[in-house]
Structures are given as C-alpha cells and as structure tokens.
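I have placed the structure first, in the form of structure tokens, so that the comments after it can refer back to it.
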Amino acid sequence: MPLGVLGFVEEVSWHTTFPLVPRRAMGIYEFGSVRAQLDVGATGAPEMMHRLGIVGPNRITVCDLYHRIRMGTIKPKESWEGIQTGVFIATDL
C-alpha cells in the first residue's frame with residue numbers, strides 16, 4: 001500500500017481461497033480487532049476450497065489472523081460446525 005494513503009485507510013479486507021486439506025472449522029474467527037469468515041464452496045476450480053474473508057485495521061493484523069487460521073492455532077469464536085436446530089420439516093405439521 002502506498003505510504004501516502006495510509007492515513008486515510010480505516011480498514012483492510014482480504015478475500016482468498018485455500019485447499020480443504022488440512023481442513024479448518026467453518027465459522028467466524030476473531031483475534032483482537034480482526035474478524036474473519038471461513039466457509040467451503042465452489043471457487044471455479046475443479047475442487048471445493050475453503051473461502052476466507054478477513055477484515056481488520058491494517059495489513060499486518062489481517063495477515064496475522066490468516067496465518068493463525070492456516071496453521072490451525074485458533075478456533076472459531078462462532079462455529080458453523082454444530083448440528084442445526086430449529087429446522088422446519090414438512091412432517092412437523
């Protein structure tokens with residue numbers, strides 16, 4: 001990022017994909033003031049991939065959370081891996 005614009009930047013976002021192996025838990029990750037959303041989906045590649053979006057105050061903190069997720073050293077604050085409850089099933093009528 002050009003040094004001349006640093007004073008005007010309020011937040012940085014990064015969207016990327018990475019392979020499903022090793023698998024990482026889907027959900028919302030937080031580390032300090034950085035927040036990430038990780039899910040799995042089609043990306044145009046032949047195989048499914050992790051899809052990751054991260055938002056934070058600067059590039060260094062965004063990259064720090066990215067590395068923690070990739071290394072598997074952080075768990076999601078809000079996991080999407082649990083059993084879903086409250087699902088309407090037609091036989092419930």
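The structure displayed is predicted, hence computed values, not measured ones.
Put simply, Trp14 and Leu52 are part of the same group of oily side chains (I, L, V, M, F, W, Y) that touch within less than 4.5 Å, one to the next.
For residues 17-38, the ring pair (Phe, Tyr, Trp, His ring centres under 6.0 Å) pairs, not counting sequence neighbours, are Phe18-His50.
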Name the atoms and distances for all side-chain donor-acceptor pairs under 3.5 Å in residues 74-83, with sequence neighbours left out.
from  : atom 1 : to    : atom 2 : distance (Å)
Ser79 : OG     : Glu81 : N      : 3.1
Glu81 : OE1    : Arg23 : NH2    : 3.0
Glu81 : OE2    : Arg23 : NH2    : 3.1
Glu81 : OE2    : Met26 : N      : 2.7

Donor-acceptor list for residues 34-41 side chains, cut-off 3.5 Å, not counting sequence neighbours:
from  : atom 1 : to    : atom 2 : distance (Å)
Arg35 : NH1    : Glu30 : OE2    : 2.4
Asp39 : OD1    : Arg51 : NE     : 3.2
Asp39 : OD2    : Arg51 : NH2    : 3.1

Side-chain donor-acceptor pairs under 3.5 Å in residues 64-72, sequence neighbours left out?
from  : atom 1 : to    : atom 2 : distance (Å)
Asp64 : OD1    : Arg68 : NE     : 3.3
Asp64 : OD2    : Arg68 : NE     : 3.3
Tyr66 : OH     : Arg70 : NH1    : 3.0

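Between Glu47 and Leu20 the shortest side-chain heavy-atom distance does not fall below 4.5 Å.
Taking every heavy atom of both residues into account, Ser13 and Val55 meet most closely at CB-CG2, 3.9 Å.
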